[in-house]
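To keep things clear, I will list the structure first and then write my remarks on it.
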Amino acid sequence: MPEGSVSFERKVLPLEQLPLCVFYPKADFWIKSVVSLCTLEVHSSGFIEDQSSGALEVDFSNKYLGGGALHRGCVQEEIRFMINPELIAGMLFLPCMEDNEAIEIVGAERFSNYTGYASSFRFSGDHVDERDVDSFRRRRTRIVAIDALCNAGMEQYKLEYLLRETNKAFCGFLDQSKCDHKRLFQDGGLKGSQCIQAGKDDDVMVKDFPMDEAPSTSVEIALNGEESVNQVIRYSDKKGSWCEDPEAKIGIATGNWGCGAFGGDPELKSIIQWLAASQALRPSVLYHTFGLKSLQNLNQLSRWILLHGWTVGDLWYMLVEYSSQRFNKETNLGFFAWLLPSLYAHEAP
């Protein structure tokens, strides 16, 4: 019997403003954001679970954690629950996720290798998990479960659903326990190195926890009180930086979340995840396209956007504008071709 621990955390973006918490953003927040977009690394092969360096690995979850893992399902989430079977325990005590919730699991060990997908899925042998463990004897494997809209069809292009999906990913990607709580919502967006006012002054006080012993939620930070504070998080010179230890920040490993059986637009969903990861101040997104043809230009598109210095607000504005046209049948182009026609100039009409 292996020794160790696995942690399950329900992550919540409160629907109303609470002290020391990042609350559920409105559309104005996204359009006014001046946070820089993080790097986006695109891979047409490989798997989310095969990360050699640390990353927050996305589970394309059902709103009921685990989906059909104990029934007949055998797609991305169910496969992850089969190769990391400790995840199944969460199905016992974690109820349905609301739109402002995500679930993060730390420490689940991988026991199996596999081949195939869906009906072709097959066990292919024992897997020896060699990832290090932290001070709580948890494997350094972080998985975040976020549930996408199911079969939204053209509705996915409406602003309310764009906002729902972006906030869902943001909730999953945000690490509130290691934040100095910038003033995310001043004037609707994050402005440089300003901070949330935690008391009478603008200085934000955060307890200096070791990386492996950080509190699991921002509530624990608040409960510690000012008496236990032993470090002031200084305003950073780097725009948008709110991490206690920038070296401790890990990127996002993801792919075609909410697509396939859920019917999401892959181009839309890839951009939504990039926006959410950037706003959560993740340093990078490692995106696995699984060879999907519609995403073959994602790498070129992201490079062009980064080269032109776009912010989260800039890209959000363009995504909303495109989605409005798509919903109103003013265009039938995909987002990439609509935004950057030169990418597709070589293709026959």
Side-chain angles (χ1 to χ4, degrees), residues 11-16 22-33 35 37 40 58 60-64 67 96-102 144-174 184-185 188-190 254-280 285 287 292 294-295 297-298 301-302 305 310-341:
K11 304 173 74 170
V12 181
L13 290 177
L15 297 178
E16 58 185 31
V22 179
F23 58 95
Y24 195 82
K26 303 286 197 274
D28 279 354
F29 164 80
W30 289 103
I31 202 166
K32 293 180 180 179
S33 172
V35 172
L37 292 162
L40 181 66
V58 178
F60 306 163
S61 184
N62 189 286
K63 64 180 180 179
Y64 294 96
C96 177
M97 283 183 277
E98 300 293 342
D99 287 346
N100 62 327
E101 296 179 336
V144 62
I146 51 175
D147 57 299
L149 292 168
C150 185
N151 297 321
M154 292 300 293
E155 296 287 301
Q156 66 184 300
Y157 300 106
K158 294 177 68 172
L159 179 59
E160 63 182 289
Y161 294 113
L162 282 179
L163 186 62
R164 187 270 182 199
E165 298 292 82
T166 309
N167 285 347
K168 171 64 73 168
F170 180 55
C171 179
F173 299 165
L174 182 66
L184 277 172
F185 295 92
L190 190 148
T254 189
N256 307 325
W257 170 63
C259 304
F262 273 38
D265 179 338
E267 296 184 28
L268 200 72
K269 287 294 196 292
S270 63
I271 299 300
I272 282 172
Q273 291 182 86
W274 190 19
L275 287 167
S278 300
Q279 188 65 45
V285 173
Y287 196 99
L292 198 63
S294 62
L295 295 180
N297 289 322
L298 176 58
L301 182 88
S302 64
I305 289 172
W310 284 20
T311 65
V312 167
D314 295 330
L315 185 54
W316 169 262
Y317 173 82
M318 298 306 293
L319 191 67
V320 171
E321 180 65 21
Y322 162 78
S323 297
S324 174
Q325 292 186 23
R326 184 67 184 269
F327 181 76
N328 292 314
K329 299 182 179 180
E330 297 170 6
T331 183
N332 60 0
L333 295 173
F335 178 67
F336 297 175
W338 177 87
L339 182 66
L340 203 58

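Positions are given from 1 along the sequence. Hydrogens, waters and symmetry mates play no part in the numbers below; they use all other heavy atoms, side chains included. Just so we're clear, the structure is a prediction, and the values are computed from it rather than from any experiment.
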With a 4.5 Å heavy-atom cut-off, do V58 and V144 have their side chains touching? yes
What is the distance from atom CG of L319 to atom OG1 of T166, rounded to the nearest 0.5 Å? 7.0 Å
For the pair M318 and W338, evaluate side chain to side chain contact (heavy atoms under 4.5 Å, CB included) and give the outcome as yes or no after the intermediate values. CA-CA 10 Å; M318 298 306 293; W338 177 87; 3.8 Å; yes
Only residue of W316, W30, F327 satisfying side chain to side chain contact (heavy atoms under 4.5 Å, CB included) with L162 is W316
If you count the non-hydrogen atoms of other residues, nucleotides and ligands that lie under 6.0 Å from CD in E16, is the total more than 12? no
Does the side chain of V312 reach to within under 4.5 Å of the side chain of L37, using non-hydrogen atoms? yes
State, without any angle test, whether Y24 and D99 hold a side-chain donor-acceptor pair at a distance under 3.5 Å. no
Just verifying a value: how many Å separate C259 SG and L292 CG, rounded to the nearest 0.5 Å? 7.0 Å
Side chain to side chain contact (heavy atoms under 4.5 Å, CB included) evaluation trace for L40 with I305: CA-CA 10 Å; L40 181 66; I305 289 172; over 6 Å; no
Nearest heavy atoms of T331 and L333, plus distance in Å: OG1-N, 3.2 Å
What's the spacing between W274 CH2 and I271 CD1 if we round to 0.5 Å? 6.0 Å
Between CG of N167 and CG of L275, what distance do you get to the nearest 0.5 Å? 11.0 Å
For the atom pair CG (N100) and NZ (K168), what is the distance rounded to the nearest 0.5 Å? 7.5 Å
Can you tell me how far the OH atom of Y322 sits from the CZ atom of F336, to the nearest 0.5 Å? 9.5 Å
Apply side chain to side chain contact (heavy atoms under 4.5 Å, CB included) to I146 and C171, showing your working. CA-CA 9 Å; I146 51 175; C171 179; over 6 Å; no
Hey, could you give me each pair passing salt bridge (charged side-chain N to carboxylate O under 4.0 Å, His left out) that has a residue in residues 269-278? Not counting sequence neighbours. E165-K269
Any non-hydrogen side-chain atom of S270 less than 4.5 Å from a side-chain atom of V285? no
Partners meeting side chain to side chain donor-acceptor pair (under 3.5 Å) with E321 (sequence neighbours left out): Q325
Sequence neighbours left out, what passes side chain to side chain donor-acceptor pair (under 3.5 Å) with N256? Give chain and number order. Y287
Give the intermediate values and the outcome of side chain to side chain contact (heavy atoms under 4.5 Å, CB included) for residues F262 and D147. CA-CA 10 Å; F262 273 38; D147 57 299; 5.6 Å; no
Heavy-atom side-chain proximity of R326 to D265 below 4.5 angstrom: yes
